[in-house]
Amino acid sequence: MNNRPITEDDLHAYVDRALEPEREAEVAAYLEKHPDVAKRITAYSDERNLLRSALLPITEEPLPPQLNLARMLESPRRRPSSLRWAIAAMLMLTIGGLGGWVMRGATLAPAGGLAALAEEASDSYKVYASDRTRPVELRDNAELVQWVSNRLHQPVKLPDLTKSGYRLMGGRVVPTAHGPAAMFMYDDDRGERLVVLTRPMTSDQNAPMAAHSRDDIAGFSWADGGTGYSLVGPRGVDSLRPLANEIRKQAQTI
């Protein structure tokens with residue numbers, strides 16, 4: 001096995017059974033070591049199987065002769081309605097195989113805005129904060145800043161939280177439904193980890209700070225000048241507010 005990190009794309013390809021055997025084995029081994037992530041992926045698999053089961057009777061039905069594509073092409077005067085029915089039938093036959101990917105769009109994030117950003121940050125925290133082997137991909141600050149700035153096509157500044165008792169562990173680029181995002185991870189002397197996620201915003205380009213929580217993860221999200229930020233961690237929302245204010249203050253100096 002290699003040392004490539006397991007990404008969200010890998011996890012969803014695993015659900016869709018679209019990975020090469022070697023990569024599938026790597027993801028399976030990763031899920032065995034991360035029960036929280038495995039629970040989420042199991043839920044995605046259940047949704048995929050439910051959709052496939054619901055559509056299975058349709059996919060097993062024989063194609064009506066009047067919808068046979070070859071027969072329709074041979075007809076010199078086929079009706080437009082027949083062609084529309086043929087297209088609809090072929091689309092229905094492909095839905096079962098695309099079930100996992102459809103569920104991915106339905107379960108990962110809302111259409112946009114701060115709600116999507118908050119969910120993306122929480123998902124990144126769930127996947128990487130519990131990883132004790134390789135939670136981040138780059139640890140060198142200068143290299144990390146250059147890399148994520150190039151991928152996001154805009155300057156990115158690393159928040160400095162040392163005065164608040166948190167040191168930067170490193171970061172990585174993570175995929176989202178709205179393009180790449182930069183994820184920075186911090187920890188303190190007790191091993192408590194926080195995640196800061198930032199990316200360009202397609203909506204809510206200027207939005208006030210808003211608290212959010214899901215399961216045992218809480219945080220704050222906001223947007224300034226077309227760039228969104230989300231701070232998440234396992235702590236109560238009130239204790240994260242000063243850190244979020246500090247990150248926002250530092251980001252405004254870019």
Side-chain angles (χ1 to χ4, degrees), residues 2-14 18-19 23 26-27 30 37 101 104-105 108-131 133-161 166-187 193-207 217 219-233 243-244 246-254:
N2 57 43
N3 294 320
R4 283 191 300 153
I6 303 300
T7 67
E8 280 292 303
D9 285 346
D10 289 326
L11 294 174
H12 288 284
Y14 180 83
L19 292 174
R23 190 58 171 167
E26 293 174 1
V27 174
Y30 176 86
V37 181
W101 188 256
R104 178 180 190 265
L108 270 184
L114 286 189
L117 179 66
E119 189 165 344
E120 292 158 2
S122 297
D123 286 343
S124 294
Y125 181 89
K126 282 187 175 181
V127 172
Y128 297 112
S130 60
D131 191 334
T133 303
R134 194 172 180 179
V136 297
E137 193 161 350
L138 284 181
R139 298 180 182 272
D140 180 84
N141 290 4
E143 185 180 2
L144 178 59
V145 169
Q146 181 177 359
W147 181 42
V148 299
S149 297
N150 289 340
R151 292 300 306 274
L152 271 61
H153 304 293
Q154 64 181 39
V156 176
K157 183 176 182 178
L158 289 174
D160 184 356
L161 301 180
Y166 285 89
R167 56 182 170 267
L168 178 69
M169 298 173 60
R172 64 172 72 236
V173 174
V174 297
T176 77
H178 306 90
M183 186 204 79
F184 307 125
M185 188 177 297
Y186 300 79
D187 69 351
R193 294 179 174 180
L194 303 176
V195 159
V196 176
L197 191 77
T198 180
R199 65 166 171 81
M201 300 292 287
T202 55
S203 60
D204 288 349
Q205 296 189 349
N206 291 282
I217 301 173
F220 286 89
S221 298
W222 67 95
D224 284 322
T227 300
Y229 303 85
S230 186
L231 167 70
V232 295
L243 294 173
E246 177 61 25
I247 294 170
R248 185 169 192 173
K249 178 181 177 181
Q250 293 182 24
Q252 290 174 342
T253 63
I254 295 179

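Basis for what follows: all heavy atoms, side chains included, without hydrogens, waters or symmetry-related copies. The shown structure was predicted, so the numbers you read here are calculated from the model rather than taken from an experiment.
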A.B. asks: Treating Arg199 as the side-chain partner and Pro175 as the backbone partner, does any N or O pair qualify as donor plus acceptor under 3.5 Å?
C.D. replies: no

A.B. asks: Run the side-chain contact (heavy atoms from CB on, under 4.5 Å) test against Gln205 and tell me which residues pass, sequence neighbours left out.
C.D. replies: Met201

A.B. asks: Is the backbone N or O of Glu143 less than 3.5 Å from a side-chain atom of Asp140, with the two atoms forming a donor-acceptor pair by type?
C.D. replies: yes

A.B. asks: Kindly give the heavy-atom pair with the smallest separation between Gly113 and Ser203, and that separation in Å.
C.D. replies: N-OG, 3.0 Å

A.B. asks: If I take atom CD from residue Gln252 and atom NZ from residue Lys157, how far apart are they, to the nearest 0.5 angstrom?
C.D. replies: 10.5 Å

A.B. asks: Do Leu117 and Glu120 come close enough that some side-chain heavy atom pair is under 4.5 Å?
C.D. replies: yes

A.B. asks: Distance check, rounded to the nearest 0.5 Å: Leu144 atom CG versus Leu168 atom CG?
C.D. replies: 6.5 Å

A.B. asks: Could you pull out the closest heavy-atom pair between Arg172 and Pro5, with the gap in Å?
C.D. replies: NH1-CB, 3.4 Å

A.B. asks: List the atom of Ala116, the atom of His178, and the distance in Å for their closest heavy-atom pair.
C.D. replies: CB-CE1, 3.7 Å

A.B. asks: Mind checking side-chain contact (heavy atoms from CB on, under 4.5 Å) for Pro200 and listing every partner two or more places apart, or none if nothing turns up?
C.D. replies: Leu152, Gln154

A.B. asks: Examine distances only and state if a side-chain atom of Asp10 and a backbone atom of Thr7 form a donor-acceptor pair shorter than 3.5 Å.
C.D. replies: yes

A.B. asks: Between Tyr128 (side chain) and Met185 (backbone), is there a donor-acceptor pair under 3.5 Å?
C.D. replies: no

A.B. asks: With a 3.5 Å distance limit and no angle check, can you tell me whether Thr198 reaches the backbone of Ala182 through a side-chain donor-acceptor pair?
C.D. replies: no

A.B. asks: I need the minimum non-hydrogen distance between Ala118 and Ser230, along with the two atoms involved.
C.D. replies: CA-OG, 3.9 Å

A.B. asks: Decide, yes or no, whether a salt bridge links Arg23 with Glu26 under the criterion of side-chain N to carboxylate O below 4.0 Å.
C.D. replies: yes

A.B. asks: Would you name the heavy atoms of Ala207 and Leu114 that are closest together and state the gap between them?
C.D. replies: CB-CD1, 3.6 Å

A.B. asks: Closest approach of Val232 and Ser122, non-hydrogen atoms and distance?
C.D. replies: CG1-OG, 4.1 Å

A.B. asks: Starting at OG of Ser130, measure out to OH of Tyr125 and round the result to the nearest 0.5 Å.
C.D. replies: 8.5 Å

A.B. asks: Taking Phe184 as the fixed residue, which of Leu197, Val156, Leu161, Leu194 is the one that meets the side-chain contact (heavy atoms from CB on, under 4.5 Å) rule?
C.D. replies: Val156

A.B. asks: Can you find a pair of side-chain heavy atoms, one from Tyr229 and one from Pro159, that are under 4.5 Å apart?
C.D. replies: no

A.B. asks: Taking atom OH of Tyr30 and atom OG1 of Thr133, what is their separation to the nearest 0.5 Å?
C.D. replies: 9.5 Å

A.B. asks: Say whether, by atom type as modelled, one donor and one acceptor occur between the side chain of Asn206 and the main chain of Asp224 under 3.5 angstrom.
C.D. replies: no

A.B. asks: Determine, stepwise, if the pair Tyr186 / Leu231 fulfils side chain to side chain contact (heavy atoms under 4.5 Å, CB included).
C.D. replies: CA-CA 11 Å; Tyr186 300 79; Leu231 167 70; over 6 Å; no

A.B. asks: Okay, side chain of Arg139, backbone of Met169: is any donor-acceptor separation there less than 3.5 Å?
C.D. replies: yes

A.B. asks: Got a sec, which residues hit salt bridge (Lys or Arg N to Asp or Glu O under 4.0 Å) with Arg167, two or more places apart in sequence or on another chain?
C.D. replies: Asp187, Asp189

